[in-house]
Amino acid sequence: MTPPILRHLSDLRAKHATWIRAGESVAVVPTMGALHAGHLSLVEAACADCDRVIVTIFVNPRQFNNAADLASYPRTEHDDAKKLVGFGVDVIYVPDGGQIYPEGYATNISVTGLTDVLEGEFRFGHFDGVATVVAKLFLQTGAHRAYFGQKDFQQLMVVKRMARDLDIPIEVIGCPTVRETSGLAMSSRNLRLSAEGLERAAKLYPIMQQVAARLAGGESFAPLADEARIKLQAAGFNDIEYFDLRCEEHLQLLDRPTRPARLLVAAWMDGIRLIDNIAVDVLGN
Ligand code: AMP
């Protein structure tokens, strides 16, 4: 049996009240649907940690800065519900648009600083949309714990900061990126790539791994990045928006991983924008 789908906040709140009365812990896994094994790894972690699990599916118009991207985003609710069978998910919350942005909705949540760079630079307004919808989902679900993927590393940092700054009593947990056997990070956007595009896109991960290994060997980032950009172009990535080494905490640029750091990339393959990131070993003294 697929988990029940709730579309109204009042129904979700009624369920939540019974769980809280019973002293149960509640987890939320926010998604935009088109579920794949990456999402399911979050669901698995949530079910292992908490008594009750809510998976949300909402394609949030406010976080798309491109109308065509929003229109073509895959919507596969029926299949998504089937994929959630067997994990122990209690509720799939698929809010009607009006549950999130009712008539006259006027509030925006904006996290400054962390959002000036990377995705924030190339997708204007994206993180306001993310912070706003995630704050609403935290408050609507009343969850104790929320599960996010490190695949969207900057998003994870932004969501953590938002919850902390607004005193929302929730623990935000980052889970490792799930990859195809080819190494390509799983993404709902991969569905839009051809078989050949998928093969070429899979070259991204080994290129990132090579750079990370050489950084760990003490090389400085700038020449490695130049080399990597040439390799990515040769693989068919025609627009590399960023290929950066940044510290994990503040997302400041680094030339060497002298503190916890990530290599973060956004690049276009066959008209599809792909992002990925990996941790880099910190250099010893
Ligand atoms: P999305 O539906 O793309 O908004 O993603 C919903 C959640 O799934 C976010 O927390 C993502 O970071 C996470 N996610 C997406 N792809 C992956 C992946 N390959 N591995 C782990 N988590 C992922």
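Computed from a predicted model, the values in this text were never measured in an experiment. Whatever order the structure lists ligands and atoms in, that order sets their numbers, starting from 1.
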Indicate every side-chain donor-acceptor pair of residues 152-161 with a distance under 3.5 Å to a residue at least two apart or in another chain.
from   : atom 1 : to     : atom 2 : distance (Å)
Gln154 : OE1    : Glu119 : N      : 3.0
Gln154 : NE2    : Leu114 : O      : 2.8
Gln154 : NE2    : Val117 : O      : 3.0

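Using a 4.5 Å heavy-atom cutoff, the side chains of Glu227 and Gln210 are not in contact. Using a 4.5 Å heavy-atom threshold, the side chains of Leu70 and Val59 count as touching. The shortest distance between side-chain heavy atoms of Leu84 and Leu40 falls below 4.5 Å.
For ligand 1, the 4.0 Å heavy-atom shell takes in Pro30, Thr31, Met32, His36, Gly38, His39, Leu42, Tyr73, Phe148, Gly149, Lys151, Asp152, Gln155, Pro176, Thr177, Val178, Met186, ordered by chain and residue number.
Just one of Pro30, Ser41, Cys50 meets the side-chain contact (heavy atoms from CB on, under 4.5 Å) condition when paired with Tyr147; it is Cys50.
Met32 and Ile5 are assigned to two separate hydrophobic clusters, defined by single-linkage of ILVMFWY side chains at heavy-atom distances under 4.5 Å.
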